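Take a look at the structure below.
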Amino acid sequence: MDRISIVGGKPLNGSLAISGAKNAALPLMIASLLTSERLTLKNVPNLADVNTLARILRNHGVDLAVDGKRSEPSPYLGETFHLTARDIVDTTAPYEMVARMRASFWVLGPLLARCGEARVSMPGGCAIGTRPVDLHLMAMKALGAEIDIDGGYVVARAPHGLKGARITFPKVSVGATHSALMAASLAKGETLIENAAREPEIGDVAECLTKMGARIEGIGTSTLRVAGASRLEGAVHTVLPDRIETGTYAFAVAAAGGDVELRGARKSLLDTALITLEKTGVAIAETPHGIRVSRNGRDLEPITIETQPYPGFPTDLQAQLMALMTRAKGTSTIRETIFENRFMHVQELARLGADIQLQGDTATIRGVKSLRGAQVMATDLRASVSLVIAGLMAEGRTTINRVYHLDRGFERLEQKLSGCGAEIERLVSG
Ligand code: EPZ
């Protein structure tokens, strides 16, 4: 298993490129199941999760061709995927595949809408909490599907097709909104989705579905009105920039100090996170090509915040903010309201000397004068990258084990950071 080694204390300067958003690329790839025509996606990041999903989709019969295969990956552009689901050859998503990546459960809606049936393994729990799928099932039932649970699988049937309906989510869910939106695009008649998640990645998928022939009103709001089409067409769509990767590198610059332009980043996608960062004393400016983040010598101010669905402070940046606040001048409070167990970075940050007390869903972080490098363990994707941020601030060497978690969601992380002056390298095992 690869490890990442960081020697802290080096400021970050220069520029780095932001990749396409993982959490948009995944549902966009899944949307290819809705049409027999070709869906072309540009700016797809080269990530382990994308590759896992590609394997799952191939299993359903999706033909995937990748353009622009390069011997050296380009630091500026993602890959172009051509996905064609001419015939769905298998409507089962098996346990071995869904267990590897939770978002693969989202094939349920499109398979059901297109084929009238789907058999998808329940994803089970994961490191950050129990993560049920009841809201996905509620949406499919509302659209007329019959649902059984059999041998750990969700077996869904709609032999006469899905029918438009009113879906009012009792709780905001990104995945259930994606499921409902994709299924409704091929349902008969109109669907109203209320209390929909407003994450920009949902807007990106909605825009792609619109290009494919669905009629969707209310994009970007919590009420989506979808006029289903009897068939959807091929389309060409560019994946929006990754706001979580953007925030992560912004926090990394704040942590290490320095001045970096995040090229291709879009400020409007992460206003709350950037405003939070500004409150800690970090300067943020929009540039013609992205966002510039700088902190030169100033102390970090502590912060009190809670995670919220978009447009609130994202849970996917909670661990990174916590890493930063370990060195703030004072006490910060971070409350996690989305997932019940997303604090696994706390004990690893403590190994570097952080002072964090956990009580229920709230972490109290007392800023310390210094962190010291140590061996730490990556646990989930965002927790892992919080350790990178802490490593950049720590004195001496930090070695992060189990970095496959990082590879799920961060493309060429070591190259991007070392290009800005960080002393970071991958130690390849075996
Ligand atoms: C998406 O997960 C993201 N994944 C997550 O990013 C992100 O943390 C999360 O949204 C919240 O923003 C992708 O986009 C691929 P949810 P998702 O359904 O859709 C509960 C990362 O690091 N819930 O919005 O699975 C759930 O338990 C990942 O990139 C139900 O109760 O999250 C949670 O408490 C990790 N029933 C809350 O809703 C359901 O049927 C929000 O989860 C579904 C969810």
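Read the numbers this way: they start at 1 and go in the same order the structure lists the ligands and their atoms. Below, each value reflects all heavy atoms present in this structure, side chains not excepted, and no hydrogens, waters or symmetry copies. Since this is a predicted model, take the numbers as computed values, not measurements.
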Could you tell me whether I338 approaches ligand 1 through its side chain, its backbone, both or neither, with non-hydrogen atoms closer than 4.0 Å? both
Does atom NZ (K211) have a neighbourhood of more than 12 heavy atoms from anything else shown, all under 6.0 Å? yes
One residue to check: D134. Relative to ligand 1, which of side chain, backbone, both or neither has a non-hydrogen atom less than 4.0 Å away? both
With respect to atom 35 (C) of ligand 1, which of R102, R382, R342 exhibits the smallest heavy-atom separation? R342
For the backbone of R86 and the side chain of T84, can you confirm whether one donor and one acceptor N or O come within less than 3.5 Å of each other? no
How far apart are the C-alpha atoms of E117 and T91, what are their side-chain angles, what is the distance that settles it, and do they pass the side-chain hydrogen bond (donor to acceptor under 3.5 Å, both in side chains) test? CA-CA 7 Å; E117 58 170 46; T91 54; 3.0 Å; yes
For ligand 1, note which part of E201 has a heavy atom under 4.0 Å away: side chain, backbone, both or neither. neither
Inspect the surroundings of CZ in R295 and state if more than 12 heavy atoms from other residues, nucleotides or ligands are less than 6.0 Å away. yes
Distance, nearest 0.5 Å, that separates CG of L381 from OG1 of T248: 8.5 Å
Any donor and acceptor pair, going by atom type alone, linking the side chain of D150 with main-chain N or O of Y153 inside 3.5 Å? no
I need the atoms of ligand 1 closer than 4.0 Å to a non-hydrogen atom of T315, numbered in the order shown. 8 (O), 11 (C), 12 (O)
What about G175: any of its N or O atoms under 3.5 Å from an N or O on ligand 1? yes
Residue-level breakdown please: for E340 versus ligand 1, do any non-hydrogen atoms fall below 4.0 Å on the side chain, on the backbone, on both, or on neither? neither
Could you say whether the N/O atoms of V174 and ligand 1 ever approach to under 3.5 Å? yes
Test: side-chain hydrogen bond (donor to acceptor under 3.5 Å, both in side chains). Region: residues 17-38. Which pairs qualify, not counting sequence neighbours? S19-E411, S19-K416, E37-R231
A student checking ligand 1 against H136 at a 4.0 Å heavy-atom cut-off should list atoms 40 (O)
Check L135 against ligand 1 and report side chain, backbone, both or neither, counting heavy atoms closer than 4.0 Å. both
Between D148 and the options R157, R119, K141, the salt bridge (Lys or Arg N to Asp or Glu O under 4.0 Å) test singles out R157
Taking only heavy atoms of K22 into account, list the atoms of ligand 1 that are under 4.0 Å away from them. 21 (C), 29 (O)
Is any N or O atom of W106, backbone or side chain, closer than 3.5 Å to an N or O atom of ligand 1? no
Check: L26 N/O within less than 3.5 Å of ligand 1 N/O: no
If you measure every N/O of A103 against every N/O of ligand 1, is any gap under 3.5 Å? no
Just by modelled atom types, is the E190 backbone N or O under 3.5 Å from a matching donor or acceptor in the K163 side chain? no
Give a yes/no verdict on whether any heavy atom in A197 is under 4.0 Å from an atom of ligand 1. no
In terms of side-chain heavy atoms, does R215 have a donor or acceptor partner in T210 at a distance below 3.5 Å? no
Residue selection (non-hydrogen contact nearest atom 5 (C) of ligand 1) among D316, D49, V385, I244: D316
